[in-house]
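From a predicted model like this one, the values you see are computed outputs, not experimental measurements.
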2 protein chains.
Amino acid sequence: MTVENLPALSPSETEILRLVWQLDKATVQEVCEKLPAERKITYATVQTLLRRLEKKGYLKHTVNGKAHVFSAAVEREHVVKRSVGDFLDRLFGGDPIPLMQYLAEHGTISADDIENLKRLTSKQ
Amino acid sequence: MTVENLPALSPSETEILRLVWQLDKATVQEVCEKLPAERKITYATVQTLLRRLEKKGYLKHTVNGKAHVFSAAVEREHVVKRSVGDFLDRLFGGDPIPLMQYLAEHGTISADDIENLKRLTSKQ
DNA sequence: TGGCATCTTGTACAAGTGTACGATATTATG
DNA sequence: CATAATATCGTACACTTGTACAAGATGCCA
């Protein structure tokens, strides 16, 4: 399943999906624990979001005891690609340069980081 | 009015807002014309989105003849800052480096561009 | 085996979103 | 001034999203 055909991710769903990626496999509880403390959201809500992510095709689950263990059903790279692409289109008309510039100016990005990036791009 | 207090932008609203920025001032028609051809959306829909953007506080309008002329009510910089910040949080847990990397690897970004960015950051 | 703790499932519901029709107002034009 | 063209405004409506409760299922421990 390519990401292209899947329904779009809502902001909250994206957040949850990221945590599942980070944990590789995760139960509802584990995702809850990984949430930043200031993000007050109940177990039940996380559960619903995981369910929706599965229904949309982004996650699958296996059963372990009574708990569901969720994991990615599509490659993270693909999701990132589409998400960044969409974001870029909407906010910058598709041009990545202004975003790079913004990050370079306002992000906590050092000259070293950029040096590394430069190496990355020139290496192919 | 700082952007902080304003209701969040939906994807479609963001797209329309970007066009208004691009045009500086724009009527419904002008925004429609600026839309990419493959984006099939009616005049009425654009109108609604512009109205909602105004209601949310992102746009204001003056009247010229029978047409409304919309323009930004908040600084683009601020909106970009918040949008990028939110996006970064959701998809990358707030860390800009992976996004930079992604753009460097997959975007159409030349080594020259990066060189410029480097100059940008090291200059402060 | 009985119950506590923990899970999932079903369901809910208000608000937001994407999309747009129909009615009404306004302006330019013949 | 009548009318066509063009605007806006009110409204609609199905779908999504964010958030969550309540009820039923399941596994664990005494």
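- Between the CG atom of A/Leu49 and the P atom of D/dT16 there is a distance of 15 Å, rounded to whole Å.
- In this structure, of C/dT8, D/dT17, C/dT19, it is D/dT17 that holds the atom nearest to the side chain of A/Arg52.
- When distances run from any side-chain atom of A/Ser12 to the nucleotides C/dT8, D/dG18, C/dT9, the shortest one goes to D/dG18.
- Ring pair A/Phe87/B/Phe87 is parallel by interplanar angle, where below 30° counts as parallel and above 60° as perpendicular.
- For B/Gln47, the listed nucleotide lying nearest its side chain is D/dT8; candidates were D/dG18, D/dT8, C/dT9.
- The base of C/dA20 sits within donor-acceptor range of the side chain of B/Thr48, with an N or O pair under 3.5 Å.
- Here A/Pro7 lies out of heavy-atom contact (under 4.0 Å) with every strand.
- The side chain of A/Lys56 places no N or O atom within less than 4.0 Å of a non-bridging phosphate oxygen (OP1 or OP2) of D/dC15.
- A/Ala67 comes within 4.0 angstrom of the backbone, heavy atoms only, and of no base.
- The CG atom of B/Leu53 sits 14 Å away from the P atom of C/dT19 (whole-angstrom rounding).
- Set against D/dC9, C/dA20, C/dT8, the side chain of B/His68 has D/dC9 as its closest nucleotide.
- Checked against D/dT17, D/dA7, C/dC7, the side chain of A/Gln29 finds its nearest nucleotide in C/dC7.
- A straight line from NZ of B/Lys66 to P of C/dA23 spans 19 Å, rounded to a whole angstrom.
- Distance from the side chain of B/Thr45 is smallest to C/dT19 among C/dT19, C/dT6, C/dA12.
- Comment: B/Glu13 engages B/Lys56 in a salt bridge, judged by a side-chain N to carboxylate O separation of less than 4.0 angstrom.
- At a cut-off of 3.5 Å, with distance as the only test, no side-chain donor of B/Thr45 or B/Thr48 sits close to an acceptor on the other residue.
- To the nearest angstrom, P of D/dG18 lies 15 Å from CZ of A/Arg51.
- The distance from atom CG of B/Leu50 to atom P of C/dT17 is 15 Å, rounded to the nearest whole Å.
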